[in-house]
S.K.: 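Please read through the structure below; I'll follow up with questions.
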Amino acid sequence: MSYWLMKSEPGEFGIDDLIASPGRRTYWDGVRNYQARNFMRNDMQPGDQAFFYHSSCPQPGVAGIVRVACEAYPDHTAFDPTDKHYDPGSDPDNPRWFMVDIELERKLDRLIPLAELRAFASDRLDGMLLLRRGNRLSITPVSEDHWNFILSLE
DNA sequence: GCCAACGTTGGC
DNA sequence: GCCAACGTTGGC
């Protein structure tokens, strides 16, 4: 059982879009970074929990909690020339990109802003990958201590 | 819109 | 394998 943080732009797909999805479930397509892919493909397990994080928006921060609903499987959007995330280098017989399904566990009572997390960057959240300068990874692991502390801020 | 921090690409 | 150029991410 591991904890994760997954970034999404609310202008594209936010926590309320997940709430509106059938079964409050969706597939996490479009990851085109090898490190993030490896986390999904190699380390994510069904039942793992993840923070649903809003990025590139007026109020970046942790918006909700989701559950990994299956093991990673090939991201079919990589094979679709009309898709924004099309990658001609991904061969259906040897897929390059993967995705998992996620289900909403709950939306947080309030969004916990990035700025608030940053205030703890050198003590209670020391070492958290999200807070590392220049971090651009869309999927990062979260330690159990950090997970519990962030939820205590809610 | 700006810019820092990366990751990727491609010539050599 | 090196590295410059380029593209992307994402906070501010």
Side-chain angles (χ1 to χ4, degrees), chain A residues 2-21 26-44 48-66 68 72-102 104-143 145-154:
Chain A
S2 304
Y3 298 102
W4 305 94
L5 182 142
M6 302 170 82
K7 295 180 184 175
S8 187
E9 301 183 17
E12 296 289 323
F13 191 90
I15 191 81
D16 291 328
D17 295 303
L18 180 57
I19 289 170
S21 299
T26 193
Y27 53 80
W28 204 262
D29 65 318
V31 172
R32 297 292 180 270
N33 170 282
Y34 288 104
Q35 209 177 339
R37 178 205 67 181
N38 291 345
F39 282 139
M40 272 198 301
R41 193 187 56 183
N42 305 341
D43 303 324
M44 271 192 182
D48 284 358
Q49 287 179 298
F51 286 133
F52 189 109
Y53 177 89
H54 283 175
S55 68
S56 294
C57 60
Q59 183 77 295
V62 175
I65 299 173
V66 298
V68 175
Y73 59 101
D75 180 344
H76 60 80
T77 66
F79 311 136
D80 178 0
T82 66
D83 193 277
K84 179 181 171 186
H85 300 291
Y86 174 58
D87 178 7
S90 186
D91 175 1
D93 293 326
N94 185 21
R96 175 180 292 177
W97 305 115
F98 288 76
M99 60 188 182
V100 295
D101 289 357
I102 56 146
L104 180 71
E105 188 145 299
R106 64 183 182 90
K107 181 179 179 175
L108 295 192
D109 296 336
R110 69 176 186 100
L111 182 134
I112 301 172
L114 174 62
E116 193 171 331
L117 300 180
R118 279 206 190 289
F120 298 98
S122 49
D123 42 274
R124 295 298 301 274
L125 295 178
D126 186 33
M128 189 180 182
L129 289 178
L130 174 74
L131 306 180
R132 204 189 56 191
R133 182 164 173 76
N135 172 53
R136 299 175 352 189
L137 261 186
S138 63
I139 296 178
T140 48
V142 176
S143 75
D145 279 353
H146 291 169
W147 178 273
N148 289 329
F149 177 68
I150 290 167
L151 282 181
S152 78
L153 297 173
E154 184 183 8

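Throughout, a chain's letter reflects where its sequence line sits, starting with A, and its residues are numbered from 1. No experiment lies behind these values; they were computed from the predicted model shown.
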S.K.: Which of residues 109-125 of chain A sit near DNA chain C, with a heavy atom under 4.0 Å from it?
M.R.: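 Listed by number, they are A:L114, A:R118.
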S.K.: Given atom CG of A:N135 and atom C1' of C:dT9, what is their separation to the nearest angstrom?
M.R.: 10 Å
S.K.: According to side chain to side chain donor-acceptor pair (under 3.5 Å), who are the partners of A:T82, at least two apart in sequence or on a separate chain?
M.R.: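 A:D80.
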S.K.: Is the phosphate of C:dT9, meaning OP1 or OP2, less than 4.0 Å from a side-chain N or O of A:K7?
M.R.: no
S.K.: Between A:Y34 and A:W97, does the ring centre distance come in under 6.0 Å?
M.R.: yes
S.K.: Round to the nearest Å and state the distance from A:H85 atom NE2 to C:dT9 atom C1'.
M.R.: 13 Å
S.K.: Tell me, please, which residues at least two apart from A:K7 pass side chain to side chain donor-acceptor pair (under 3.5 Å).
M.R.: none
S.K.: Can you measure A:R133 atom CZ to C:dC12 atom P for me and round it to whole angstrom units?
M.R.: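 Rounded to whole Å, this separation is 10 Å.
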S.K.: Would you compute the distance between atom CE of A:M44 and atom CZ of A:F98 and round it to the nearest 0.5 angstrom?
M.R.: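 It comes to 14.0 Å.
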S.K.: Report the distance from atom CG of A:L153 to atom CG of A:N148, rounding to the nearest 0.5 Å.
M.R.: 11.0 Å
S.K.: Please report, rounded to the nearest Å, how far the P atom of C:dC12 is from the CG atom of A:L131.
M.R.: 11 Å
S.K.: Polar-atom pairs under 3.5 Å, protein N or O versus N or O of nucleotides 3-6 of chain C: list them with distances, or write none.
M.R.:
none

S.K.: For A:Y73, what residues pass the ring-ring contact (aromatic ring centres under 6.0 Å, His included) criterion, not counting sequence neighbours?
M.R.: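 With neighbours one apart ignored, the set is empty.
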S.K.: C:dT8 P sits how many Å from A:K84 NZ, rounded?
M.R.: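 My rounded result for the distance is 11 Å.
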S.K.: Grab the CD-C1' distance between A:E12 and C:dG10 for me, whole Å please.
M.R.: 14 Å
S.K.: Holding to side chain to side chain donor-acceptor pair (under 3.5 Å), I want the full list of residues that pass it with A:D91, two or more places apart in sequence or in another chain.
M.R.: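 Side chain to side chain donor-acceptor pair (under 3.5 Å) check on A:D91 returns nothing, list empty.
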S.K.: Can you sort out which residues in residues 52-62 of chain A have a heavy atom within less than 4.0 Å of DNA chain C? Ascending by number, please.
M.R.: A:Y53, A:S55, A:S56, A:P60
S.K.: With a 4.5 Å cut-off on side-chain heavy atoms, are A:T26 and A:D17 touching?
M.R.: no
S.K.: Using the test side chain to side chain donor-acceptor pair (under 3.5 Å), find all partners of A:S143 that sit at least two apart in sequence or belong to another chain.
M.R.: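 A:H146.
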S.K.: Starting at CD1 of A:I139 and ending at P of B:dG7, how long is that distance when rounded to a whole Å?
M.R.: 15 Å
S.K.: For residues 114-137 of chain A, pull every pair meeting side chain to side chain donor-acceptor pair (under 3.5 Å), keeping only residues two or more places apart or in separate chains.
M.R.: A:R110-A:E116
S.K.: For residues 30-41 of chain A, which residues have at least one heavy atom under 4.0 Å from DNA chain C?
M.R.: none
S.K.: What residues form a side-chain contact (heavy atoms from CB on, under 4.5 Å) with A:F79, not counting sequence neighbours?
M.R.: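 A:F79 satisfies side-chain contact (heavy atoms from CB on, under 4.5 Å) with A:H76, A:S90, A:P92, A:P95 once adjacent residues are dropped.
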S.K.: Name all pairs fulfilling the salt bridge (Lys or Arg N to Asp or Glu O under 4.0 Å) condition that reach into residues 32-44 of chain A, sequence neighbours left out, sorted by first residue then second.
M.R.: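 Matches after skipping sequence neighbours: A:R32-A:D75.
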S.K.: Of all the heavy-atom pairs spanning A:G14 and A:H54, show the shortest one and how long it is.
M.R.: CA-NE2, 3.6 Å
